[in-house]
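For reference, the structure discussed in these notes is given below.
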There are 2 protein chains.
Amino acid sequence: MGMQITATQRRFIRRWGEMGTRWGISRSTAMVHGYLYLCREAVNAEDICGALELARSNVSTSLKELEQFRLVERESKAGDRRTFYVAVADVWEMARRILEERRRRETEGAVAAVNECLRAAKDEGDDFTATRMEAMQELLSTAENVADAARRYPTSIFRKAALMGGKLLGLIAKL
Amino acid sequence: MGMQITATQRRFIRRWGEMGTRWGISRSTAMVHGYLYLCREAVNAEDICGALELARSNVSTSLKELEQFRLVERESKAGDRRTFYVAVADVWEMARRILEERRRRETEGAVAAVNECLRAAKDEGDDFTATRMEAMQELLSTAENVADAARRYPTSIFRKAALMGGKLLGLIAKL
DNA sequence: TTCATATTTCTGAAAAGAGAGAAATCATAA
DNA sequence: TTATGATTTCTCTCTTTTCAGAAATATGAA
């Protein structure tokens with residue numbers, strides 16, 4: 001008994017899928033996420049196929065990716081061998097997890113790679129190049145440190161910080 | 001007289017290009033940027049072609065995209081009709097501009113689209129859907145507000161904030 | 001204006017990515 | 001353990017993106 005979606009929900013999901021493509025997430029994956037976000041209770045993969053008219057395999061792959069992002073959670077019902085899925089409902093937690101996973105994918109190995117080049121440039125006595133690479137290196141590792149620190153705090157802080165917006169920046173400026 | 005690149009620089013540029021693809025920037029575009037970042041002085045398009053072995057057209061398109069990101073600036077030399085290019089040298093300013101342009105591309109029109117769906121859901125009396133869409137809407141518009149605020153502050157603040165890292169979050173937690 | 005050269009846009013081919021369906025694997029009730 | 005059905009992986013096709021080369025356009029000196 002999968003949720004049958006209304007035209008409005010379909011429109012939202014389609015939009016969400018469209019946005020996903022611009023975020024480096026496949027359209028199907030983002031649509032599956034959009035659907036789950038609009039579901040009241042956990043649904044199984046078959047339900048998703050029915051509602052979104054996607055191939056079963058595609059839904060499977062999408063769910064796997066969403067689990068990597070930690071945007072959906074599995075659930076099992078007694079006497080039912082199928083897996084059910086729910087989306088993280090809190091949008092701030094959602095945003096945080098998306099950003100965290102993206103950061104991970106996008107800077108994975110970068111620090112090490114730049115470091116390697118940096119050492120080579122230094123060995124060759126190419127000061128200018130070394131300086132530039134050093135700056136890049138500092139940026140990348142700071143980004144990693146910030147992400148690490150961020151992981152240790154509850155979502156509520158980010159919500160607070162975001163809602164303070166400019167005021168917070170003004171505060172920092174005075175430090 | 002374009003700069004001839006060393007093996008180390010080539011390695012760095014190749015890496016940078018690779019990273020670019022994960023950031024939704026084409027390999028060539030990221031490579032052109034990497035090259036400019038390692039240049040001491042402004043270079044022209046032909047130089048870039050020579051150093052990176054890319055088609056002239058490709059370099060042209062890449063430079064145009066980099067200008068959209070505001071990562072490179074044009075320069076003209078007296079008695080030379082060609083255009084010369086330099087990359088923004090400060091990595092923090094660079095990061096800020098990349099994030100700003102990405103944010104713009106990735107949330108462009110999203111608030112309006114979600115708002116439209118939200119109104120429809122409300123009209124239909126679908127409270128659950130409306131609530132979820134409202135939350136999403138709040139998130140997206142807050143993101144836009146933060147970005148707007150961020151644009152008004154100098155780069156130095158972000159560097160400061162990033163280097164404070166976890167300490168800053170701890171501070172906010174106490175507010 | 002004309003010529004020479006710098007730059008951009010157009011076009012098509014090659015590479016990468018997405019997604020459907022089939023085949024294989026895995027898990028659980030009996 | 002076996003049978004049944006859920007899930008994942010594989011493969012092939014279709015779509016999208018990237019990028020080289022050609023054609024068109026723009027710019028500036030004479």
Side-chain angles (χ1 to χ4, degrees), chain A residues 1-2 13-14 16-36 42-69 72-85 102 105-106, chain B residues 1-2 13-14 16-36 42-69 72-85 102 105-106:
Chain A
M1 59 146 269
I13 291 167
R14 201 181 297 274
W16 198 241
E18 200 49 54
M19 274 193 67
T21 62
R22 275 179 282 185
W23 281 64
I25 294 160
S26 93
R27 174 178 284 99
S28 320
T29 303
M31 282 172 68
V32 169
H33 177 249
Y35 175 75
L36 289 171
V43 295
N44 62 50
E46 207 61 53
D47 293 335
I48 302 173
C49 294
L52 303 182
E53 297 182 328
L54 294 173
R56 183 66 187 74
S57 57
N58 196 2
V59 169
S60 173
T61 311
S62 294
L63 287 168
K64 206 170 140 194
E65 175 144 42
L66 290 172
E67 282 182 284
Q68 233 178 60
F69 273 95
V72 305
E73 269 163 36
R74 289 159 166 268
E75 257 178 37
S76 53
K77 291 190 179 176
D80 195 329
R81 65 172 59 172
R82 294 170 299 178
T83 311
F84 288 76
Y85 298 86
R102 288 186 81 185
R105 292 182 181 190
E106 293 175 355
Chain B
M1 54 146 269
I13 292 167
R14 201 182 298 274
W16 198 239
E18 199 49 53
M19 275 194 65
T21 62
R22 276 181 280 185
W23 281 64
I25 293 160
S26 92
R27 172 178 282 98
S28 319
T29 302
M31 283 173 68
V32 169
H33 178 250
Y35 175 75
L36 289 172
V43 296
N44 63 49
E46 208 62 52
D47 293 335
I48 302 173
C49 295
L52 303 182
E53 297 181 330
L54 294 173
R56 183 65 187 72
S57 57
N58 197 0
V59 170
S60 173
T61 309
S62 293
L63 287 168
K64 206 171 140 193
E65 176 145 42
L66 290 172
E67 282 183 284
Q68 234 178 60
F69 273 94
V72 304
E73 269 163 36
R74 290 159 167 268
E75 257 178 38
S76 53
K77 290 189 179 175
D80 195 328
R81 65 172 62 171
R82 294 170 301 178
T83 310
F84 288 76
Y85 298 87
R102 287 186 81 185
R105 292 181 182 191
E106 293 174 356

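Keep in mind that the numbers below use all heavy atoms, side chains included, and drop hydrogens, waters and symmetry copies. Throughout, protein chains are lettered first and strands after them, A, B, ... in sequence-line order, and every chain is numbered starting at 1.
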Quick tally for nucleotides 3-17 of chain D: nucleotides whose base has a protein heavy atom under 4.0 Å get B, sugar-phosphate-only ones S, the rest -, giving -BBSSBB--------

Under 3.5 Å: donor-acceptor pair, side chain of B:Ser60, backbone of B:Arg56: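 Flag not set: sc B:Ser60 to bb B:Arg56 has no pair under 3.5 Å.
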
Let's see if you get this right: which residues in residues 18-27 of chain A place a heavy atom under 4.0 Å from DNA chain C?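 When residues 18-27 of chain A is checked for heavy atoms under 4.0 Å from DNA chain C, the hits, listed by number, are A:Ser26, A:Arg27.
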
- Task: Take A:Glu53 and A:Gly79, find for each the nucleotide of DNA chain C with the closest heavy atom, and name the residue whose nucleotide sits nearer the 5' end.
- Result: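 Residue closer to the 5' terminus by nearest nucleotide: A:Glu53.
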
**Request:** Would you mind reading off the distance between B:Glu65 atom CD and C:dT8 atom C1', rounded to a whole angstrom?
**Result:**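 Spelled out: CD on B:Glu65 to C1' on C:dT8 is 15 Å.
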
Whole angstrom value for the distance that separates C1' of C:dA6 from CG of B:Asp47: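 Rounded to the whole Å, the gap is 13 Å.
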
* Between B:Phe69 and B:Ile25, is any pair of side-chain heavy atoms under 4.5 Å apart? ->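 Yes; the side chains approach each other to less than 4.5 Å.
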
Could you pull out the closest heavy-atom pair between [X] and [Y], with the gap in Å?
X	Y	value
B:Lys77	B:Ala42	NZ-O, 4.3 Å
B:Arg27	B:Glu18	NH2-OE1, 2.8 Å
B:Asp47	B:Tyr35	O-OH, 4.1 Å

ask   = Under the criterion side chain to side chain donor-acceptor pair (under 3.5 Å), which of B:Asn58, B:Thr61, B:Thr21 is the partner of B:Ser28?
value =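 It is B:Asn58, the one option of B:Asn58, B:Thr61, B:Thr21 that forms the side chain to side chain donor-acceptor pair (under 3.5 Å) with B:Ser28.
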
Q) Once you round to the nearest 0.5 Å, how far does CD1 of A:Ile48 lie from CE of A:Met31? A)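 Result: 11.5 Å between the selected atoms.
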
Which distance, rounded to the nearest 0.5 Å, do you find between the OG1 of B:Thr29 and the NE2 of B:His33?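 These two atoms lie 11.0 Å from each other.
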
